[in-house]
Colleague: 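Dropping the structure in here first, questions after.
Atoms within each ligand, like the ligands themselves, are counted from 1 in listed order.
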Amino acid sequence: MLETAFAALGTTNHVSIDAFTDRIAAGEALMRARERVLFLHDRLSVFQPESELSLLNASAGCASVPVGNDAFFLLRESKRYSALSGGAFSITTRALSALWEIHARCGTVPSRAEVEHALLLVNDEDVALDDDAQTAELRRFGQSVDLGAIAKGYAADEVRRILIEGGVTGALINLGGTVSVIGEGKHVGIQHPDRMTGIPMGRVLLSDGCAVTSGDYERYYEVDGTRYHHILDPRTGYPSRSDLRSVTLIGESALALDALSTAVFVLGAEQGLPLIQQAGCEAVFVTKNLDVFCTEGLRGNFELL
Ligand code: ADP
Ligand code: MG
């Protein structure tokens, strides 16, 4: 077994390899994959003042900035998923997230006026991309973007690509809960929303595929018994209040699943289902009452624990 664990993209990342054609090539691929994730972190994190995304945010309403291939691709994909989800997925929620983060630190809730003000800046159509120059611009002063809901999915796909190129035939990639499996079936747990991390409610047998979860238990704070979590509803400006505690999507592209799991979590099971069907992926839903249900294609591969 070859493995690595490292911090990046705001989480802990684990990659383990258990089958390969050549041990040295697999070990080298593992190192390259890790470097790739660290590189993406440097370029894409809005918490790195010098990252491309931070420079884009700092130039909002003022100038277009050159961005690298990864950022350009992810901005384009984000706009696509935003349009596809009717705005439930919106990377321009950054100003709103920043407002909620300040209040989380103080243990307070923003006023409606503060929320309304930040909400005016949410619209992914304001992310202007110039294909020829490979530049990006946020149209309005004060706007900012954050790829937190899609970057881990892309990074997981990149790790997978690099490992396969290195002759890896069996691996488990886990970037803070964004999971990608190469080869034979591995069990992926569906986290219990009210139990310690690592205690599952159920599990899915995953072979050559990805599983990505969005849930209200990953990052949150409480005021007067109300939970305020980190996935915001761009229609209201408040943490989403659908019928779901979590949604796990299963399919081939972790990037697509990452974007869609965030969107479906915001929209709820009923409104989210057409998106899931259109994308050809499967889903496990955990509802507010802790009922668990999954889509047709998963029956046989999903087990309640
Ligand atoms: P996690 O990062 O916990 O796996 P998500 O993929 O759902 O969960 O991404 C949540 C992050 O995306 C938030 O921390 C925030 O930075 C950003 N975000 C919050 N609400 C939205 C939204 N409606 N659309 C796109 N990004 C969002
Ligand atoms: Mg996501």
Colleague: Could you tell me, atom by atom, which parts of ligand 1 come under 4.0 Å of a heavy atom of K152?
Modeller: 1 (P), 2 (O), 4 (O)
Colleague: Looking only at non-hydrogen atoms, find the nearest pair between L232 and W100 and report the distance.
Modeller: CD2-CD1, 3.8 Å
Colleague: Taking 4.0 angstrom as the limit and counting only heavy atoms of S90, give me the atoms of ligand 1 inside it, by number and element.
Modeller: 22 (C), 24 (N), 25 (C), 26 (N)
Colleague: Any donor-acceptor pair under 3.5 Å linking the side chain of D130 with the backbone of D132?
Modeller: yes
Colleague: Can you tell me the protein heavy atom closest to atom 8 (O) of ligand 1 and the distance?
Modeller: H230 NE2, 3.5 Å
Colleague: Looking at A88, which atoms of ligand 1 are within less than 4.0 Å of one of its heavy atoms?
Modeller: 22 (C), 23 (N), 24 (N)
Colleague: Answer with side chain, backbone, both or neither: which part of P234 has a heavy atom less than 4.0 angstrom from an atom of ligand 1?
Modeller: side chain
Colleague: Out of S97, G148, A98, S78, who gets a non-hydrogen atom closest to atom 11 (C) of ligand 1?
Modeller: G148
Colleague: Any carboxylate oxygen within less than 4.0 angstrom of a Lys/Arg side-chain nitrogen, looking at D208 and R160?
Modeller: yes
Colleague: If I apply the N/O under 3.5 Å rule, does F89 come out as touching ligand 1?
Modeller: no
Colleague: Using a strict 4.0 Å cut-off to heavy atoms of D146, name the atoms of ligand 1 that fall inside it.
Modeller: 15 (C), 16 (O), 17 (C)
Colleague: Taking NZ, NE, NH1 and NH2 as the nitrogens, is one of them in E35 or R32 under 4.0 Å from a carboxylate oxygen of the other?
Modeller: no
Colleague: Which residue and non-hydrogen atom of the protein lie closest to atom 7 (O) of ligand 1, and at what distance in Å?
Modeller: T262 OG1, 2.7 Å
Colleague: Pick one of side chain, backbone, both or neither for how I231 approaches ligand 1, counting any non-hydrogen atom pair under 4.0 Å.
Modeller: both
Colleague: At a 4.0 Å threshold, what atoms of ligand 1 neighbour a non-hydrogen atom of D258?
Modeller: 6 (O)
Colleague: Report, in ascending order of atom number, the atoms of ligand 1 lying under 4.0 Å from any heavy atom of R219.
Modeller: 14 (O)
Colleague: Tell me whether T262 has at least one N, O or S atom under 2.8 Å from the Mg ion (ligand 2).
Modeller: yes
Colleague: I'd like to know if the side chain of E252 and the backbone of A256 have a donor-acceptor N/O pair within less than 3.5 Å.
Modeller: no
Colleague: Among D126, D146, N123, D124, whose side-chain hydrogen bond (donor to acceptor under 3.5 Å, both in side chains) with T92 holds?
Modeller: D124
Colleague: Judged by atom type as modelled, is there a donor-acceptor pair below 3.5 Å linking the side chain of Q134 to the main-chain atoms of V67?
Modeller: yes
Colleague: Using a strict 4.0 Å cut-off to heavy atoms of E218, name the atoms of ligand 1 that fall inside it.
Modeller: 1 (P), 3 (O), 4 (O)
Colleague: Going by heavy atoms, is R94 under 4.0 Å from ligand 1?
Modeller: no
Colleague: Ring centres under 6.0 Å, that's the criterion: do Y228 and Y238 meet it?
Modeller: no
Colleague: Determine, for D258 against K152, whether the closest basic-nitrogen to carboxylate-oxygen distance falls under 4.0 angstrom.
Modeller: no
Colleague: Do the ring centers of H41 and F47 come within less than 6.0 Å of each other?
Modeller: no
Colleague: So which of the N, O or S atoms of D258 lies nearest the Mg ion (ligand 2)?
Modeller: OD1
Colleague: Using 2.8 Å as a strict upper limit, say whether an N, O or S atom of L260 approaches the Mg ion (ligand 2) that closely.
Modeller: no
Colleague: For R299, is there an ion pair with E282 - N to carboxylate O distance below 4.0 angstrom?
Modeller: no
